[in-house]
Amino acid sequence: MTNPKDRLNIIRNRINEIDEQLIKLMAERTQFAGEIANLKSELNMPINDEEREHHIKETIKSLCNKYDFDSNLSLEILTLLMEHSKELQKKACEKKNI
Ligand SMILES: C=C(O[C@@H]1C=C(C(=O)O)C=C[C@H]1O)C(=O)O
């Protein structure tokens with residue numbers, strides 16, 4: 001039987017690993033912003049795509065149900081990520097004057 005202090009450290013080390021994966025994935029998700037901005041410019045599409053965001057939100061709710069995770073928190077996080085992506089897209093457009 002692991003003593004409480006050792007068990008706490010084991011859990012904390014696992015959380016460290018998970019946090020790194022979360023940052024890695026958020027960075028990967030965000031790094032597409034510049035290319036998306038260019039593609040939307042070529043396709044004459046607006047940065048904001050409400051239909052796409054609605055689909056993402058519905059998917060998030062479904063995944064939260066599947067993994068028994070807080071959907072309100074998840075939607076808050078994804079909304080922040082989507083807003084960040086759009087800000088980066090806007091900056092990419094301004095930089096290229098597109
Ligand atoms: C990334 C895109 O641009 C915006 C940001 C989105 C996102 O971060 O998932 C989704 C839709 C758009 O409002 C996209 O159109 O796919």
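We count ligands from 1, going down the list as the structure has it; atoms in each ligand are counted the same way.
By the side-chain contact (heavy atoms from CB on, under 4.5 Å) test, D70 is found to be paired with N72, L73, residues two or more places apart in sequence or in another chain being considered. Judged as a side-chain contact (heavy atoms from CB on, under 4.5 Å), and not counting sequence neighbours, the contacts of E35 are F32, L39.
Defined by atom type and a distance below 3.5 Å, a donor-acceptor pair is missing between the side-chain atoms of E58 and S62.
Not a single donor-acceptor pair under 3.5 Å links the side chain of K40 to the backbone N or O of M45.
To the nearest 0.5 angstrom, Q31 atom CD is 10.0 Å from L88 atom CG.
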Cut-off 3.5 Å, no hydrogens considered: what does the side-chain donor-acceptor table look like for residues 6-13, sequence neighbours left out?
residue	atom	partner	partner atom	Å
D6	OD2	N3	ND2	2.8
N9	ND2	K5	O	3.4
N13	ND2	N9	O	3.2

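Every protein residue with a heavy atom nearer than 4.0 Å to ligand 1 is included here: R29, I36, K40, I47, N48, D49, R52, E53, I56, M82, S85, K86, Q89.
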